[in-house]
2 protein chains.
Amino acid sequence: MSPLPVANGVRLTRQRQVVLDTLGTMRTHPEAMQVFHAVRERMPNISLATVYRTLGVLRDAGLVREFVTHDGPRRYDATPGEHFHLACRSCGRLVDVELPEAAFLGRRAAEVTLFSDIEVSQVELTGICPECAAPSGG
Amino acid sequence: MSPLPVANGVRLTRQRQVVLDTLGTMRTHPEAMQVFHAVRERMPNISLATVYRTLGVLRDAGLVREFVTHDGPRRYDATPGEHFHLACRSCGRLVDVELPEAAFLGRRAAEVTLFSDIEVSQVELTGICPECAAPSGG
DNA sequence: TTTTATGCAAATCGTTTGCATCAGG
DNA sequence: CCTGATGCAAACGATTTGCATAAAA
């Protein structure tokens with residue numbers, strides 16, 4: 001039998017593949033429970049604990065991103081590339097924003113403090129999305 | 001009897017005053033439980049529920065700032081002025097950083113998305129603090 | 001006297017863990 | 001075989017809530 005595929009040092013068991021794969025198709029920045037439900041459609045016996053453990057493993061390996069919003073549980077995405085999150089204060093919808101200039105903040109912080117190796121680990125923006133801003137009926 | 005003092009629309013009961021006051025003296029960005037312990041030294045009968053409720057009330061009124069770090073419980077500060085947080089990846093210590101140029105991110109995001117009223121609600125930076133970077137013995 | 005805040009304890013929610021079993025090397 | 005991964009259920013930590021009492025308007 002061929003050995004399990006490996007990515008970033010983690011052995012991709014069948015359940016890990018399904019979790020990674022499923023998350024890859026979701027564009028809603030789901031929380032663990034939502035990932036669990038989506039994954040269950042493809043693999044009805046997978047346990048919640050495995051989904052939690054797997055998300056942690058994949059996060060440690062850098063294969064998925066885990067982040068917190070101001071309230072609510074942790075959320076996940078498998079979107080490649082540096083990006084930040086913009087949440088609608090009215091409906092809660094979360095979208096990705098690419099902001100290359102955010103790296104600039106890290107450099108500025110290094111100048112102001114004595115910290116080294118500074119990374120911009122999370123930027124959370126809030127605003128009002130087009131749907132919520134539009135008068136409801138037109 | 002004179003009426004209770006009011007700040008930003010909230011009636012400052014004795015326990016709310018103590019919570020606000022105590023948090024004002026703490027520079028460690030404490031979590032709710034730590035605020036609770038500190039407050040108890042001044043008011044031994046205050047309940048944990050009241051501290052939680054009060055922190056929520058003060059946060060809604062804009063009198064204290066509540067934020068989440070990548071892991072761990074919510075943290076609080078009463079530091080005035082726009083600032084962000086820089087956490088040491090090694091020891092977890094958290095310091096304030098003033099980054100006026102962060103507002104720039106909000107403007108850029110508004111250009112890139114169709115969202116309106118964008119605010120930079122949280123920037124979380126991580127790095128290595130001077131103590132942790134220094135060779136321990138000399 | 002009507003409303004709002006408090007204290008206490010129980011409940012809830014998200015997440016983690018112990019342990020026996022199973023798949024992979 | 002030996003190690004690591006899984007499923008299940010119980011445990012856990014942080015936060016919220018129901019309810020009776022106390023304080024303020």
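In what follows, every chain begins at residue 1, and chains take the letters A, B, ... in the order their sequences are listed.
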As an exercise, state the distance from [atom1] of [X] to [atom2] of [Y], rounded to the nearest 0.5 Å.
X: A:R14; Y: A:R16; atom1: CZ; atom2: CZ; result: 14.5 Å
X: A:E119; Y: B:E124; atom1: CD; atom2: CD; result: 11.0 Å
X: B:R108; Y: A:L125; atom1: CZ; atom2: CG; result: 12.0 Å
X: A:R40; Y: A:N45; atom1: CZ; atom2: CG; result: 6.5 Å
X: A:C88; Y: B:I118; atom1: SG; atom2: CD1; result: 10.5 Å

Can you name the side chain to side chain donor-acceptor pair (under 3.5 Å) partners of A:T50, sequence neighbours left out? A:S47
How many whole angstroms separate atom [atom1] of [X] from atom [atom2] of [N]?
X: A:F36; N: C:dG14; atom1: CZ; atom2: C1'; value: 14 Å
X: A:L4; N: C:dC22; atom1: CG; atom2: C1'; value: 13 Å
X: B:M33; N: D:dC12; atom1: CE; atom2: P; value: 15 Å
X: B:R14; N: C:dT6; atom1: CZ; atom2: C1'; value: 14 Å
X: B:D60; N: C:dA5; atom1: CG; atom2: P; value: 12 Å

Candidate pair B:V97 and A:F115, rule side-chain contact (heavy atoms from CB on, under 4.5 Å), full reasoning: CA-CA 11 Å; B:V97 197; A:F115 279 51; over 6 Å; no
For DNA chain C, find the residues of residues 89-96 of chain B with a heavy-atom distance under 4.0 Å and give them by number; none if there aren't any. none
Using side-chain contact (heavy atoms from CB on, under 4.5 Å), reason through B:V120 and B:F84 one step at a time and then give a plain yes or no. CA-CA 10 Å; B:V120 180; B:F84 301 107; 4.0 Å; yes
Is B:Q122 reaching over with its side chain to a backbone N or O of B:V68, donor-acceptor style, under 3.5 angstrom? yes
Heavy-atom donor-acceptor pair, B:R11 side chain to B:P3 backbone, under 3.5 Å: no
Nearest-nucleotide 5' precedence on DNA chain D, A:R53 against B:A32: A:R53
Using a heavy-atom distance cut-off of less than 4.0 Å, which residues of [range] contact DNA chain D?
range: residues 63-79 of chain B; result: B:P73, B:R74
range: residues 39-48 of chain A; result: A:N45, A:I46, A:S47
range: residues 22-30 of chain A; result: none

Protein N or O to nucleotides 20-23 of chain D N or O, pairs below 3.5 Å:
none

In the hydrophobic clustering (ILVMFWY, side-chain contacts below 4.5 Å, transitive), which residues join [X], or is it alone?
X: A:I128; value: none
X: A:L114; value: none
X: B:V35; value: B:V10, B:L12, B:V18, B:V19, B:L20, B:L23, B:M33, B:F36, B:V39, B:M43, B:I46, B:L48, B:V51, B:Y52, B:L55, B:V57, B:L58, B:L63, B:V64, B:Y76

At a cut-off of 3.5 Å, list every protein nitrogen or oxygen paired with a nitrogen or oxygen from nucleotides 3-5 of chain D, distance to 0.1 Å.
| unit_1 | atom_1 | unit_2 | atom_2 | d |
| --- | --- | --- | --- | --- |
| D:dA5 | OP1 | A:R16 | NH1 | 3.3 |
| D:dA5 | OP1 | A:R16 | NH2 | 3.3 |

So for atom CD, which belongs to A:E101, do other residues, nucleotides or ligands contribute more than 12 heavy atoms lying within a distance under 6.0 Å? yes
Using a 6.0 Å cut-off, check whether atom CZ of A:R42 has over 12 heavy atoms from anything other than its own residue. yes
Check the pair A:R75, A:T69 against side-chain contact (heavy atoms from CB on, under 4.5 Å), reporting the backbone distance first and the verdict last. CA-CA 8 Å; A:R75 302 176 71 163; A:T69 53; 3.9 Å; yes
Listed partners of B:E41 passing salt bridge (charged side-chain N to carboxylate O under 4.0 Å, His left out), at least two apart: none
B:Y52 side-chain N/O to D:dT16 phosphate OP1/OP2 under 4.0 Å: no
What pairs of residues pass the side-chain hydrogen bond (donor to acceptor under 3.5 Å, both in side chains) test when at least one of them lies in residues 80-94 of chain A, not counting sequence neighbours? A:R65-A:H83, A:D77-A:H83, A:D77-A:H85, A:H83-A:H85, A:H83-A:D96, A:H85-A:D96, A:R89-A:T126, A:R93-A:E131
